[in-house]
Amino acid sequence: MEAVLAGAISAALTRLGVGADPSRIGLERPARTDHGDWSTNAALVSAKGAGLPPRELAQQLAAELDGAGLPHLERTEVAGPGFVNLHMAPSWLHEVLAEVVREGVDGYACSDIGSGQTVNLEFVSANPTGPLHAGGGRWGAFGDSLARLFRRCGYATVTEYYVNDLGAQVLLFGQSLVARMAGEPVPDDGYHGEYVADWADELVAEMRAAGTADADISQLLEDAALEARHARIPVGTPPEARFAARWGIERALRDVRETLESMNVSFGHWQHESELAASGAMDDVFGRLRADNKIRSEADAEWLRTSEYGDDKDRVLYRSNGEPTYFLPDIAYHDAKFSLERFHQLQHHGATVHSATSSEVDLVIDVLGADHHGYVPRIAAAMQMLGHPAESYEAIVGQNVTLMRDGKVIELSKRTGTMVEVRELIDAVSPDVARFAFLLQSIDSRQTIDIDLLSAQAAENPVFYVQYAHARIASVARRAEADGVAPRPPAGTDLSPLTGDRELALLRALEVLPSVVEIALRERAPHKVTTWVRDLAAAFHGFYHDCPILHSEVPPEVRDARLCLTEGTRIGLAIGLDLLGVDAPEAM
RNA sequence: GCGCUUGUAGCUCAAUUGGACAGAGCAUCUGACUACGGAUCAGAAGGUUCGGGGUUCGAAUCCCUGCAAGCGCGCCA
């Protein structure tokens, strides 16, 4: 419809002899329904060029559109400074509803703007040295929903979690575990959280259960096989710390994975840094950069010339002691994400045919917390140096989340060990409430989640408002079936009885979903889906309150049309809730 | 000091990226059909969109400036 109207406006302007700038002409859904179903500013932006007062040009444009014989166009009006408002007949919305029911959950509001392009999305990637914190929950909910939006819009999508299992932090984590196992104090800059003690006990118990004598435990800790996987752990590290670190990483990852999965967040691939290191990818990338003269030596260190690509200064890849910084493996990893061959290996979700117009992955996206935003220019610079187009790497920087409990903001501190885990939030409310809460607001604004408040308001939580609408519809369908009324109305249902205010409002809400999906994707803003799904639920509850469906005094043709409307609404709710990764229940 | 992000109702947040009278939820107050599921619906009240300039038909949105908050600025990750 939008395309038809836009074409008609353009043609009308041409007939009027007005040369307009297409990029400035907008066709919008007005916020107020009395401003019509569609509205264009074409006369406003073209008036100057046409040498006419805006309202006069608007009159002419309106007359042209009235005479163009456009389908469903009821009337036009000139309003305000020179808007042309287009009022559509209900038959337009009836067609939309028929389309919704015909296409269903898997078909409606699917966009083809991705047209098979490939996207790699990395998010969370929290260091595997402990349970998941609030930020991890937010990036998980955000990244997963963004991935769902990409898929619905026709992109082949791979999601990844980068497991940082090498390096100083990992070593410290291992040392902290070992200290706890031995009943010794944790190093000052180590990990002091309670969970470390718990996990240390777990590890000892595990080894004893495996039949290891206490006297042999330290011997076993010296498993040398791990050495090769820990290239970045400095030589001279006590072997037991390496063993404990290896075990601890897997323990932490299991915890992180379970927490995320309980929120319906999953990943197509968990990329261990150690595996990347073992593959020689770091050497390969370094060699390519050196061959291209992107590396310089200074003070016994090797520097990447990122300042030539927009970074504040050059960055060290190899320290003067000969060891790489974290930056080099990160470059290798991001470079690898561009590989189409790797992409297709990781794509578990069916064989999406892609256009094969490009030789590498079209879009590589990182979702990062604000505390890492300084890292973006250097990674972007490195990607350009390796020949990846500037626009194909994208970093989405989200503001941090803080959790509140007992009226106080809970500071996350590694040193004191006072941390609040996402798990705690999920246990206090529910996975759906937690995930919905994360997706309630824009990623650009800081978020404070008050666990007590969320628990106290559990009954009137917005997610239940939406889920209740879905459950109500399911209930109506059950009732209809019990009454012997067709539970899924045939596509040929006469929808013309749907002309009441509540019915039209609900139809309008349903109609905008495809554009909401596209906008939410384009703006990387899943919270727009949250806003929309609440609007749809509100429109439904209003309809449901005022419009009886199965009452005996409702004429059959009205009943059937309304049943069709509820089915369309159910489809819309199911799509929205699926994009948000939240359950759409049949009953509550 | 420099950079990124943010500042909207008492509270938590939206606002079709420059559109028309800035909207929801919570909290407060007042109401509703014997109810196909009341976890619902209707209404009231609540605003100098942080302050000050500017751009134009039109600004919460863009530009300049001041204030405030978070984050970042290492041969740490």
Have a look at A:D483 and say if it touches a base, only the backbone sugar-phosphate, or nothing, with a 4.0 Å heavy-atom cut-off.
nothing

So for A:N41 and B:rA20, does any side-chain atom that can act as donor or acceptor lie under 3.5 Å from a complementary atom in the base?
no

Distance between P atoms of B:rG53 and B:rU28 (Å, rounded)
39 Å

How would you label the glycosidic angle of B:rC63: syn (within 90° of 0) or anti?
anti

Test: A:E298 and A:R296 ion pair at under 4.0 Å
yes

Rounded to the Å, how far apart are A:F540 CZ and B:rA24 C1'?
20 Å

So for A:S39 and B:rA20, does any side-chain atom that can act as donor or acceptor lie under 3.5 Å from a complementary atom in the base?
yes

Mate of B:rA42 where both pairing distances stay under 3.5 Å, Watson-Crick or G-U:
B:rU30

Pull up the glycosidic torsion of B:rU48 and say syn or anti, syn being anything within 90° of 0.
anti

Between B:rU30 and B:rG51, how far is it from one P atom to the other, in whole Å?
34 Å

Provide the distance between the two C1' atoms, one in B:rU55 and one in B:rC63, to the nearest whole Å.
7 Å

Applying the 3.5 Å cut-off to both distances, the Watson-Crick or G-U partner of B:rG23 turns out to be B:rC13

Measure CZ/A:F543 against C1'/B:rC36 and give the value in whole Å, please.
11 Å

Check every strand shown and say whether A:N85 touches a base, only sugar-phosphate, or nothing at a heavy-atom separation below 4.0 Å.
base

If the C1' atom of B:rU48 is compared with that of B:rA22, how far apart are they to the nearest Å?
13 Å

Between B:rA14 and B:rA24, how far apart are the two C1' atoms, rounded to whole Å?
7 Å

B:rU34 and B:rG38: how far apart are their P atoms, nearest whole angstrom?
13 Å

Ranking B:rC36, B:rC57, B:rC75 by distance to the side chain of A:A301, first place goes to B:rC75

Length of the CZ-C1' vector between A:R378 and B:rC75, whole Å
12 Å

What does nucleotides 37-45 of chain B look like as a protein-contact string, B for base, S for sugar-phosphate only, - for none, at under 4.0 angstrom between heavy atoms?
BSBBSS---

Should the pair A:E523-A:K528 be classified as a salt bridge under the 4.0 Å nitrogen-to-oxygen rule?
yes

Interatomic distance at C1', B:rC67 relative to B:rG52, whole Å:
11 Å

5'-most contact on RNA chain B: A:Y375 or A:R24, nearest heavy atom basis?
A:R24

Using whole Å, report how far CG of A:D34 lies from C1' of B:rC21.
10 Å

Assign A:P548 to base, sugar-phosphate, or nothing according to its heavy-atom contacts below 4.0 angstrom with the strands shown.
base

For A:E553 and B:rC33, what is the distance between atoms CD and C1' respectively, to the nearest whole Å?
12 Å

May I have the distance from A:N400 (atom CG) to B:rA69 (atom P), rounded to whole angstrom?
17 Å

Are A:R502 and A:D546 within salt-bridge range, i.e. N to O under 4.0 Å?
yes

Could you please name the partner base of B:rU55, counting Watson-Crick and G-U wobble pairs only when both distances are under 3.5 Å?
none

Regarding A:R508 and A:E511, does a basic nitrogen lie under 4.0 Å from an acidic carboxylate oxygen?
no

Contact nearer the 5' end of RNA chain B, comparing A:D535 with A:H551:
A:D535

Classify the nucleic acid contact of A:P81 as base, sugar-phosphate or nothing, counting any heavy atom under 4.0 Å across all strands shown.
base

Regarding A:K294 and A:Y309, is there a side-chain donor-to-acceptor distance under 3.5 Å anywhere?
yes

Just jot down the salt bridge (charged side-chain N to carboxylate O under 4.0 Å, His left out) partners of A:R472, sequence neighbours excluded, or say none.
none

For B:rG3, what is the paired nucleotide under Watson-Crick or G-U wobble rules, both distances under 3.5 Å?
B:rC71

In this structure, is the centre-to-centre distance between the rings of A:H541 and A:Y465 below 6.0 Å?
yes

Is there a side-chain polar atom (N or O) of A:R319 under 4.0 Å from OP1 or OP2 of B:rA77?
yes

Sub-4.5 Å side-chain heavy-atom contact between A:T566 and A:F543
yes

Do A:R319 and A:E302 meet the salt-bridge criterion of a basic N to acidic O distance under 4.0 Å?
no

Under 4.5 Å between any side-chain heavy atoms of A:D366 and A:V376, yes or no?
no

What is the pairing partner of B:rG37, taking Watson-Crick or G-U wobble pairs with both distances under 3.5 Å in any strand?
none

Take nucleotides 1-17 of chain B nucleotide by nucleotide from the 5' end and write B, S or -, depending on whether a protein heavy atom sits under 4.0 Å from the base, only from the sugar-phosphate, or from neither.
--BBSS------SSSBB

Rounded distance in Å - CD1 (A:I249) to P (B:rA77)
15 Å

Rounded C1' spacing from B:rA27 to B:rA45 in Å
12 Å

Salt bridge flag under 4.0 Å for residues A:E77 and A:R75
yes

Go through the steps to decide whether A:F540 and A:L565 satisfy the test side chain to side chain contact (heavy atoms under 4.5 Å, CB included), and finish with yes or no.
CA-CA 9 Å; A:F540 172 76; A:L565 180 54; over 6 Å; no

